[in-house]
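Read the structure below first, then the notes.
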Amino acid sequence: MPELPEVETVKNGLVRLVQNKTIADVDVRWSKIVESPTVDEFRNNLIGQVIEDVKRRGKFLLFKLTDFDLISHLRMEGKYEYFLENEISKPDKHTHVIFTFSDGSQLHYNDVRKFGRMILVAKNQGVLYKGIKQLGPEPTKKEFSLTTFAKKLQRSTSLIKPLLLNQKVVVGLGNIYTDEVLWTAKIHPQQPASTLKQEEVSRLHQAIIDILAKAVSAGGTTVRTYKNALGEAGHFQLDLKVYGKTDEPCPRCQTPISKIKVAQRGTHLCPHCQKIKRRKLS
DNA sequence: ACGTCTGTTCTCCT
DNA sequence: TAGGAGAACAGACG
């Protein structure tokens, strides 16, 4: 499900719902969700811990506990759902982890495709976890330097779309926002990254910052099943220009949006606004 | 009924 | 070391 704006929205919901709650019990119903340590240690270490805060880094959630960091990645379809004691619903076959708090309320982790993962590490060691350590900057004006971005594009042999999906250059983009950002910057997804002109790099950089920020304000995008921790859909889907708009007119030039495959991912673009420019690879 | 599609990222291989 | 293919899994759709 989630790219950065959706994870940010889930994080904000979790802060409202479970901050300062004490974990009284943990039921792991699908053990592969817990990557490490063992399920027994995971459970034993979590019991008695207070959720002091919930943070986000890239698409990772970071629960800051009394003595541990709990890392959670939702991958494609992971969801958190919170229940007060008097309205707890029965777990279904997609409920893989249940946290019960000392006030009787529960937080369920649901994941139809079972791709999501949780990792429990020592306090403040979350940032050292491999998947987090290798992440690029957050897509904000403050963290995301245009000159560093330009240099990384220059040195890459990759096409621009797969490069943006790889979280090492900048975090937060997934398949939806990558298509949106490239349309906004008028760049073809299959343009080799090293052939972008300075002006294009600059437009792309700005589009990444702007679109992700706007999508956060809109509470994320719901195109299929995404819901935040409060069970609410996002509404950035109303602002999508190309994702899921195959054969609909481009909002800029009315040319029908086409859908192609790039790096095995469905990719939407305007064939008029986004043309591959034949340039020397430098 | 079956092949294809789906919001992610990790591992393996060249 | 970078980057492409395949894997992990389940369900919806035509």
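Note on naming: letters A, B, ... go to the chains in the order of the sequence lines (proteins, then strands), and numbering restarts at 1 for each one.
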Stems field, DNA chain C, Watson-Crick or wobble, 3.5 Å, at least 3 pairs, by first number, holds B:2-6 with C:10-14, B:8-14 with C:2-8
Sorted by chain and residue number, the side chain to side chain contact (heavy atoms under 4.5 Å, CB included) partners of E232(A) (sequence neighbours excluded) come out as N228(A), L230(A)
Any side-chain heavy atom of R265(A) sitting closer than 4.5 Å to one from K261(A)?
no
So, with a heavy-atom separation below 4.0 Å from DNA chain B, the residues of residues 165-174 of chain A are Q167(A), G174(A)
With the side chain defined as heavy atoms from C-beta on, K59(A) is closest, among dC10(B), dT8(B), dG3(C), to dT8(B)
K93(A) meets the side chain to side chain contact (heavy atoms under 4.5 Å, CB included) criterion, sequence neighbours left out, with none
Once you apply a heavy-atom cut-off of 4.0 Å, does G266(A) come out as touching a base, just sugar-phosphate, or nothing?
sugar-phosphate
Per-nucleotide protein contact along nucleotides 9-14 of chain C, 5' to 3', at a 4.0 Å heavy-atom cut-off (B base, S sugar-phosphate only, - neither), is BBS---
Return a table of donor-acceptor pairs under 3.5 angstrom between the side chains of residues 172-181 of chain A and protein atoms on other chains or two or more places apart.
{"residue": "N175(A)", "atom": "OD1", "partner": "K161(A)", "partner atom": "NZ", "Å": "2.7"}
{"residue": "N175(A)", "atom": "ND2", "partner": "G266(A)", "partner atom": "O", "Å": "3.0"}
{"residue": "Y177(A)", "atom": "OH", "partner": "E6(A)", "partner atom": "OE2", "Å": "2.6"}
{"residue": "Y177(A)", "atom": "OH", "partner": "T221(A)", "partner atom": "OG1", "Å": "2.7"}
{"residue": "T178(A)", "atom": "OG1", "partner": "G174(A)", "partner atom": "O", "Å": "2.6"}
{"residue": "D179(A)", "atom": "OD1", "partner": "K161(A)", "partner atom": "NZ", "Å": "2.8"}
{"residue": "D179(A)", "atom": "OD2", "partner": "H268(A)", "partner atom": "N", "Å": "2.9"}
{"residue": "D179(A)", "atom": "OD2", "partner": "H268(A)", "partner atom": "ND1", "Å": "2.9"}
{"residue": "E180(A)", "atom": "OE1", "partner": "K241(A)", "partner atom": "N", "Å": "2.7"}
{"residue": "E180(A)", "atom": "OE2", "partner": "K241(A)", "partner atom": "N", "Å": "3.3"}
{"residue": "E180(A)", "atom": "OE2", "partner": "V242(A)", "partner atom": "N", "Å": "2.9"}
{"residue": "E180(A)", "atom": "OE2", "partner": "Y243(A)", "partner atom": "N", "Å": "2.8"}

Sorted by chain and number, sequence neighbours left out, side chain to side chain contact (heavy atoms under 4.5 Å, CB included) with V169(A) holds for F149(A), K152(A), L163(A)
Q) Hey, does I211(A) have a side-chain heavy atom less than 4.5 Å from the side chain of F236(A)? A) yes
_Set out, in order, the CA-CA distance, both residues' side-chain angles and the distance that settles side chain to side chain donor-acceptor pair (under 3.5 Å) for Q106(A) and T100(A), then state yes or no._
CA-CA 4 Å; Q106(A) 287 188 342; T100(A) 302; 3.2 Å; yes
Quick note, salt bridge (Lys or Arg N to Asp or Glu O under 4.0 Å) partners involving residues 111-129 of chain A, not counting sequence neighbours, are E52(A)-K123(A)
At under 4.0 Å, does any side-chain N or O of Q134(A) touch on OP1 or OP2 of dC10(B)?
yes
Item to complete: Scan Q237(A) against the nucleic acid and name what it touches under 4.0 Å (heavy atoms): base, sugar-phosphate only, or nothing.
Response: nothing
**Asked** With a non-hydrogen cut-off below 4.0 angstrom, is Y243(A) in contact with a base, only sugar-phosphate, or nothing?
**Response** sugar-phosphate
Sorted by chain and number, sequence neighbours left out, side chain to side chain donor-acceptor pair (under 3.5 Å) with D67(A) holds for Q49(A)
Side-chain donor-acceptor distances from residues 81-90 of chain A under 3.5 Å, at least two apart:
{"residue": "E81(A)", "atom": "OE1", "partner": "N110(A)", "partner atom": "ND2", "Å": "3.0"}
{"residue": "Y82(A)", "atom": "OH", "partner": "S105(A)", "partner atom": "OG", "Å": "2.9"}

Check residues 128-136 of chain A and write down every donor-acceptor pair under 3.5 Å in which the side-chain atom is one partner and the other belongs to a residue at least two apart or another chain.
{"residue": "Y129(A)", "atom": "OH", "partner": "E35(A)", "partner atom": "OE1", "Å": "3.4"}
{"residue": "Y129(A)", "atom": "OH", "partner": "E35(A)", "partner atom": "OE2", "Å": "2.9"}

So, with a heavy-atom separation below 4.0 Å from DNA chain C, the residues of residues 124-131 of chain A are none
### Message
What contact category does R155(A) fall into here, base, sugar-phosphate, or nothing, at under 4.0 angstrom with non-hydrogen atoms?
### Response
nothing
